Amino acid sequence: MNRDEVYARLKEVFQDVFDKEVALADATTAADVPGWDSLNHITLIGTIEDEFDIKFPMKDVVHMKNVGELVDKIIERLRAKLGPSG
């Protein structure tokens with residue numbers, strides 16, 4: 001899955017979690033999205049894990065600083081799930 005495909009699915013997840021369309025870019029942070037507080041962050045991460053059928057290690061969840069890093073981690077987890085041949 002490439003970055004554009006991940007972004008397309010992420011936009012749907014953000015819309016579901018925040019109940020509005022959210023403009024996403026690599027530099028987007030929680031401060032840029034009204035309602036993205038610590039509680040909604042947990043909901044967002046759980047929804048992303050369900051959407052992509054992945055699990056993030058807690059260290060990744062804590063250290064992600066923006067949507068670009070989130071996209072990188074999603075791609076990383078998807079590749080790890082597929083193994084060396086994926």
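The shown structure was predicted, so the numbers you read here are calculated from the model rather than taken from an experiment.
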Linking I/L/V/M/F/W/Y whenever any side-chain heavy atoms sit under 4.5 Å apart, do Leu39 and Phe14 land together? no
I'd like to know if Asp60 and Arg77 make a salt bridge, using a cut-off of under 4.0 Å between side-chain N and carboxylate O. no
Side chain to side chain contact (heavy atoms under 4.5 Å, CB included) between Val6 and Arg3, worked out: CA-CA 5 Å; Val6 171; Arg3 289 181 75 79; 5.6 Å; no
Should the heavy atoms of other residues, nucleotides or ligands under 6.0 Å from CG of Asn2 be counted, would the total exceed 12? yes
Between the CD1 atom in Ile75 and the CD1 atom in Ile54, the distance rounded to the nearest 0.5 Å is 10.0 Å
Interatomic distance, Lys73 atom NZ to Glu69 atom CD [nearest 0.5 angstrom]: 8.0 Å
Mind checking the CD-CD spacing from Gln15 to Glu21? Nearest 0.5 Å is all I need. 5.5 Å
Mind checking the NE2-CZ spacing from His63 to Phe56? Nearest 0.5 Å is all I need. 15.0 Å
Return the CD1 to OH distance between Ile74 and Tyr7, rounded to the nearest 0.5 Å. 9.5 Å
Kindly state each residue pair satisfying side chain to side chain donor-acceptor pair (under 3.5 Å) with at least one member in residues 38-47, sequence neighbours excluded. Trp36-His41
Is there a chain of hydrophobic side chains (I, L, V, M, F, W, Y, each step under 4.5 Å between heavy atoms) that links Leu70 to Met58? yes
Looking at Glu12 and Arg9, is any side-chain nitrogen of the basic one under 4.0 Å from a carboxylate oxygen of the acidic one? no
Using the rule given for side chain to side chain contact (heavy atoms under 4.5 Å, CB included), can you reason through Lys81 versus Asp53, listing the C-alpha separation, both sets of side-chain angles and the distance that settles it, and then say yes or no? CA-CA 9 Å; Lys81 185 175 142 182; Asp53 193 27; 3.0 Å; yes
Within the structure provided, determine whether Phe52 and Met1 are in side-chain contact (heavy-atom separation under 4.5 Å). yes
Single-linkage hydrophobic cluster, 4.5 Å side-chain cutoff, Leu44 and Ile42 together: no
Under 4.5 Å between any side-chain heavy atoms of Thr29 and Lys65, yes or no? no
